[in-house]
Amino acid sequence: MTQVPNYDPAAVEAKWQERWAREHGNEPDLDRPDRPFYNLMMFPYPSAEGLHVGNMFAFTGADIYGRFKRLSGHDVFEPIGFDAFGIHSENYALSVGTHPGKLIPQNIETFRRQLRRFGGMFDWRHELSTTDPRYYKWTQWIFLQLFKAGLAFRKKAAVNWCPKDMSVVANEQVINGYCERHPDTKVELRYLEQWFFAISKYAERLLKNLDWLDWSDSTRALQRNWIGRSEGAELVFETPAGLKITVFTTRPDTVFGATYMVLAPEHALVDPLTAEEQRRAVSAYRRDAQRMDVVSRRVAGEKSKTGVFLGSYARNPATGEAIPIWIADYVLMEYGTGAIMAVPAHDKRDFEFATQFGLPIREVVRTGEPLPSVSEDGALVNSGPFDGMPSREAGPRIVASLKAKGLATPQVQYRLHDWCISRQRFWGPPIPIIHCDHCGPVGVPEKDLPVELPFIEDFRPDASGVSPLARHKEWYFVKCPRCGEQGRRETDVSDTFLDSAWYYLRYPSTEFDDRPWDPTRTKTWLPVTSYIGGNEHAVLHLLYSRFITMVLQELGHVAFEEPFPKFRAHGLIIKDGAKMSKSRGNVVIPDAYIQKWGADTFRMYLMFLGPFHEGGDFRDEGITGIRRFLDKVWTLAHEAAALTAGARSGLPAGVERKLHQTIKKVTADTESLDYNTAIAAMMEYLNLVRDEGVSSRQAIEPLLLMLAPYAPHLAEELWSVLGHGQSIFCERWPAFDERLAVAGEVEVVVQVNGKVRGRVSVNRGASEAEVLARAMQDESVKKFVNGNPVRKTIYVPDRVLNLVV
RNA sequence: GCCGGGGUGGCGAAAUCGGUAGACGCAAGGGACUUAAAAUCCCUUGGGGGGCAACCCCCGUGCAGGUUCGAGUCCUGCCCUCGGCACCA
């Protein structure tokens, strides 16, 4: 009996991690790569609690893919970094009373240790942190490029103000009216001067490209929803005084049923349209609407409709009749034109409003459903010359006829808003602008970048809406770069999502300080070959990154317009049926598991939990199964190594066939990220090898190669135990022979009337007649046929024969 | 309300094109080894019923229908659940 040493993961893993670092095995030659493969995963925000199981799950899944590609003959660049700016970090720093500038490096150190410990194939030479002035210099540079191109602009806007953060937050960071980071804090409406990026100009392109991007369907659907394209028309309603009110509608076919109009309370025409006797009521209503927070303003719920009649009328362009103009907070200034034509018969909201205020309701599309009917399946009524026309046809016809009178324009609307990037906070890259009384906002000259974030002790935000940086006078006052007069620095910092909107461009070029990204490196490595990440960033990070890349492409800074041609979304790891979060107290930290079981076992266990793209509930009950599997691999490999070199017996036919089937399945499943079934296939193979008492190199070596992406340390160790001098990751993924993968004999199931009654063993490719003849000899089949004539037979070669009697 | 996932044993899950439902793993029960335990190995394990036995029969993939020789898989109508959006005109 051979003496097999104990499998001690801690020792094995330390040994190989040390060797990878020493020999720079995970650092491809970025200038002369062989089949470059840029394997990207979403870089973490370095929280104080450290890497949690959700991060590990995502990184492991991406790392397996990278290692698989490397074994398949690619030079794989797998970088990692830290998304360390932002309100998250700053809030935590505030809560513990430590400066974020001190805290973040500590957190990053913890993350580095954890990332090394789990065995990621990272190229640490190219690590980056968004808080590094060498990085955010270029974040600011990007802002300036957008500013110069007119795509970054200031506007006074109703913005989301979080009283806890004491800052503006983006629409995307508001969840049902509550702050993303403070689920118990309602976001308020404030009017402030803000910096915006004109992402809405790119709505159509961002939407269109989704058709060809090789992305998870779920992610594309989320982005499509978010962009929210709707086709319709702008219609003009004129007042007797000649004022034109433009509305947007997706249902121009219902214009004959527009019995009143509603403007948003903030609409510019409210003043001129208000009749004297209504002025008091109107101003009172407008005041109330403005005081209201965004939530109660926007959430429909049980809230009944409110509104005030302006006392004036406009002409319905289709019917010519005068209809009353109202204001109501159910019409939003941010969408469309901030004004609507109300068609109570065919819109739920208008119906509710009309019912409440006794306004006329006129049916114009007969659908056979009770009012309000919103279906477009119907024919027009009460619509003059269009009566009887199907609703879908009528829309374009009506628009065309009104267009002739200059009262309509076909129009496409998007739900996507411009990206508000201002943050009245401290922990972010200062927006590189100098305000001058003569010149207005002037960009900081590129030679003066970065505008460094000063290390001020007093970084707390206050409720004034002005950034803490404004209190730092020697930083705040600066000469205008254009006229030389006294100017003031912009004190807002930019949104964290700007930091992460371009980090993938920086990774290959981190060593260059005189350019954001090197053209040659970028040409070699970008766009990103494979990006794997979570759908929680489907509409934030991924949309912004696409937008920034598109702009950079237009401005000639990169040669492609889409940064991530291939993206795969992984699932979410939850705990006890709920998202892991600190507030719930259900965050699982991987360290203890790795210490107890080893990184390889833990990696594989996470992948074995369920389908990678679905995620799942974290429990640790099954982890022993993986460990037992690796123990068996360990033992078998040592036994194989102990066999004398001459003992090169071939594989038994059954084992050889199973091996080729296994290689085929593991190859396909790893490529499609179906890691759970790939692992199951390797287990099946190992079970057979053991059952057959085989312990030869031919049996174990291909298994080690397949296992290497999943359990890299163990695979390296056993590879060297088997006498190989170089890293297993310098080897090639095993090939399979299709002919060897198929069995010579197959078992064909025999059904009688659709029920399995027997099975016969025949040569692969046997004819129907042959199988039938064999089947009719089967006792059980005979019994169920019971002498009845066979009316029909269905034969699926090598699988099933069904006899209908 | 709208747009996506999902619903299969005690549990996590498999099932390529409509062709043997439950692979793989956990847990559980029994056995071997052991002074004992752990570890390891072997056997059993969807539910119900029959047989001394090799085995045999019936039922079974959220619910109700349908298409088909044959449905977890396709169609129609529901229910539940998770995620996203939501007074977006």
Side-chain angles (χ1 to χ4, degrees), chain A residues 175-177 216-226 228 230 232 247-251 254 262 297-301 303 305 328-332 334-343 346-350 352-353 374 413-417 535-536 538-539 569 571-572 574 577-579 605 608-611 613-626 628-629 631-632 635 665 668 674 676-687 690 747-759 780 783 791-805:
Chain A
I175 294 158
N176 283 331
S216 295
D217 288 339
S218 57
T219 315
R220 290 198 289 188
L222 285 166
Q223 286 211 355
R224 285 200 181 100
N225 267 346
W226 190 259
S230 34
V247 304
F248 173 72
T249 179
T250 52
R251 294 293 305 276
T254 64
V262 188
R297 170 76 189 271
R298 282 220 189 150
V299 171
K303 199 191 98 174
K305 297 269 184 290
D329 64 3
Y330 82 91
V331 173
L332 309 172
E334 303 90 87
Y335 186 78
T337 61
I340 61 157
M341 65 174 200
V343 185
H346 305 292
D347 182 281
K348 254 181 88 177
R349 298 151 301 180
D350 297 345
E352 242 175 77
F353 191 84
V374 296
Q413 273 295 330
Y414 301 91
R415 209 191 62 100
L416 181 68
H417 295 290
N535 261 344
E536 67 271 21
V539 293
L572 199 65
I574 56 175
K579 212 181 261 189
Y605 178 61
F608 195 58
L609 222 48
H613 67 271
E614 277 175 29
D617 206 346
F618 182 82
R619 306 157 321 274
D620 53 13
E621 281 109 30
I623 196 165
T624 54
I626 296 288
R628 288 204 268 256
F629 169 70
D631 275 330
K632 290 175 199 169
T635 304
K665 180 154 179 66
D674 292 313
N676 55 334
T677 48
I679 292 170
M682 290 190 270
M683 287 174 166
E684 269 190 71
Y685 173 67
L686 183 73
N687 290 344
R690 283 165 52 89
E747 200 173 62
V748 174
V749 169
V750 182
Q751 299 179 336
V752 179
N753 288 338
K755 291 197 173 180
V756 180
R757 298 303 182 188
R759 44 209 74 184
S780 171
K783 184 172 128 204
R791 285 197 294 126
K792 190 177 172 186
T793 61
I794 294 104
Y795 180 56
V796 181
D798 300 335
R799 304 204 83 143
V800 69
L801 175 73
N802 191 8
L803 308 174
V804 185
V805 301

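Below, each value reflects all heavy atoms present in this structure, side chains not excepted, and no hydrogens, waters or symmetry copies. Order of the sequence lines fixes the chain letters, A, B, ..., with proteins taken first and strands second; residue numbering starts at 1 for each chain.
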Item to check | Sugar-phosphate, base or nothing in reach of A:Arg619, heavy atoms under 4.0 Å | outcome: sugar-phosphate
Checklist entry - So, do A:Met683 and A:Ile626 sit near enough that their side-chain heavy atoms are less than 4.5 Å apart? => result yes
Checklist entry - Taking the same atom, P, in B:C79 and in B:A64, what whole-Å distance lies between them? => result 15 Å
Checklist entry - Which listed nucleotide (B:G19, B:C69, B:C87) is nearest to the side chain of A:Lys792? => result B:C69
Next on the checklist: Taking only the C1' atom of each, what is the distance from B:G46 to B:A28 in whole angstrom?
Outcome noted: 14 Å
Next on the checklist: Taking B:G83 as the reference, what is the distance to B:U67 when you measure between their C1' atoms (whole Å, please)?
Outcome noted: 33 Å
Checklist outcome for this item: Scanning both residues in full, the closest heavy-atom pair of A:Leu686 with A:Lys632 reads CD2-CB, 3.6 Å
Next on the checklist: Tell me if a side-chain donor or acceptor on A:Asp674 pairs with a main-chain N or O of A:Thr677 at a distance below 3.5 Å.
Outcome noted: no
Checklist outcome for this item: Glycosidic torsion of B:C17 (syn if within 90° of 0, anti otherwise) classifies it as syn
Checklist entry - Is the shortest side-chain N to carboxylate O distance from A:Asp217 to A:Arg220 below 4.0 Å? => result yes
Item to check | Criterion side chain to side chain contact (heavy atoms under 4.5 Å, CB included) on A:Thr250 and A:Gln413, from CA distance to verdict | outcome: CA-CA 9 Å; A:Thr250 52; A:Gln413 273 295 330; over 6 Å; no
Item to check | P atoms of B:C57 and B:A13, separation to the nearest Å | outcome: 33 Å
Item to check | Spacing between A:Leu416 atom CG and B:G84 atom C1', to the nearest angstrom | outcome: 16 Å
Item to check | Minimal non-hydrogen separation, A:Ala342 against A:Tyr330, with atom names | outcome: CB-OH, 4.5 Å
Checklist entry - So what does A:Arg757 touch, heavy atoms closer than 4.0 Å: a base, only the sugar-phosphate, or nothing? => result sugar-phosphate
Next on the checklist: Without decimals, in angstroms, what is the distance between A:Asp620 CG and B:A27 P?
Outcome noted: 11 Å
Checklist outcome for this item: Each base of RNA chain B marked ( ) or [ ] if paired in-strand (Watson-Crick or G-U under 3.5 Å), | if paired to another strand and . if unpaired gives (((((((..(((......[....))).(((((.......))))).(((((....)))))..(((((..]....))))))))))))....
Next on the checklist: So A:Val804, base contact, sugar-phosphate only, or nothing? Heavy-atom distance under 4.0 Å.
Outcome noted: sugar-phosphate
Item to check | Separation between the P atoms of B:G9 and B:G47, rounded to whole Å | outcome: 12 Å
Checklist entry - Quick one: CG on A:Asn753 to CG on A:Asn802, what's the gap to the nearest 0.5 Å? => result 7.0 Å
Checklist entry - If you measure from the P atom in B:G12 to the same atom in B:A27, how many Å do you get, rounded? => result 15 Å
Next on the checklist: Given B:U20, B:C85, B:G84, identify the nucleotide with an atom nearest to the side chain of A:Asn225.
Outcome noted: B:G84
Next on the checklist: Taking B:U73 as the reference, what is the distance to B:G18 when you measure between their C1' atoms (whole Å, please)?
Outcome noted: 6 Å
Checklist entry - At under 4.0 Å, does any side-chain N or O of A:Arg690 touch on OP1 or OP2 of B:C41? => result yes
Item to check | Polar side-chain atom of A:Thr219 near backbone of A:Ala569 as donor-acceptor pair, under 3.5 Å | outcome: no
Checklist entry - How many Å lie between CG on A:Leu222 and C1' on B:G84, as a whole number? => result 5 Å
Next on the checklist: Between P on B:C87 and OH on A:Tyr335, what's the gap in Å once rounded to a whole number?
Outcome noted: 12 Å
Item to check | Rounded distance in Å - CG (A:Asp798) to C1' (B:U20) | outcome: 14 Å
Item to check | Non-hydrogen side-chain atoms of A:Asp350 and A:Ile340 separated by less than 4.5 Å | outcome: yes
Item to check | Minimum heavy-atom distance A:Met341-A:Thr249, with the two atoms named | outcome: CE-OG1, 3.7 Å
Tabulated below should be each protein N or O lying under 3.5 Å from an N or O of nucleotides 23-25 of chain B; please produce it.
unit_1	atom_1	unit_2	atom_2	d
B:A23	O2'	A:Glu684	OE2	3.0
B:G25	OP1	A:Asn687	ND2	3.1

Next on the checklist: Rounded to whole Å, how long is the line connecting atom CZ of A:Phe353 with atom P of B:A89?
Outcome noted: 18 Å
Item to check | Considering all heavy atoms, the nearest A:Tyr335-A:Ser230 contact | outcome: OH-OG, 2.9 Å
Item to check | P atoms of B:A15 and B:G72, separation to the nearest Å | outcome: 16 Å
Item to check | Rounded distance in Å - CD (A:Gln223) to C1' (B:G4) | outcome: 14 Å
Next on the checklist: Regarding A:Leu609, tell me which of base, sugar-phosphate or nothing describes its non-hydrogen contacts under 4.0 Å with the strands shown.
Outcome noted: sugar-phosphate
Next on the checklist: I want to verify a distance call: between B:U20, B:G70, B:C85, whose nearest atom is closest to the A:Val749 side chain?
Outcome noted: B:U20
Checklist outcome for this item: Separation of B:C26 atom P from A:Glu621 atom CD, nearest Å, is 12 Å
Checklist entry - Can B:G9 be described as syn, meaning its chi torsion is within 90° of 0, or is it anti? => result syn
Checklist entry - Which part of the nucleic acid does A:Ile794 contact within heavy-atom distance under 4.0 Å: base, sugar-phosphate only, or nothing? => result base
Checklist outcome for this item: When A:Val756 and A:Gly610 are each assigned the nearest nucleotide of RNA chain B, the 5'-most assignment goes to A:Gly610
Checklist entry - A:Arg415 side chain N/O closer than 4.0 Å to the phosphate oxygens (OP1, OP2) of B:A86? => result yes
Checklist entry - Where do A:Ser218 and A:Asn535 come nearest, in terms of heavy atoms and distance? => result OG-ND2, 3.0 Å
Checklist entry - With a 3.5 Å cut-off and just heavy-atom distances, do the side chain of A:Lys305 and the base of B:C87 make a donor-acceptor pair? => result yes
Next on the checklist: Which is more 5' along RNA chain B, the nucleotide nearest A:Ala339 or the one nearest A:Asn753? Just name the residue.
Outcome noted: A:Asn753
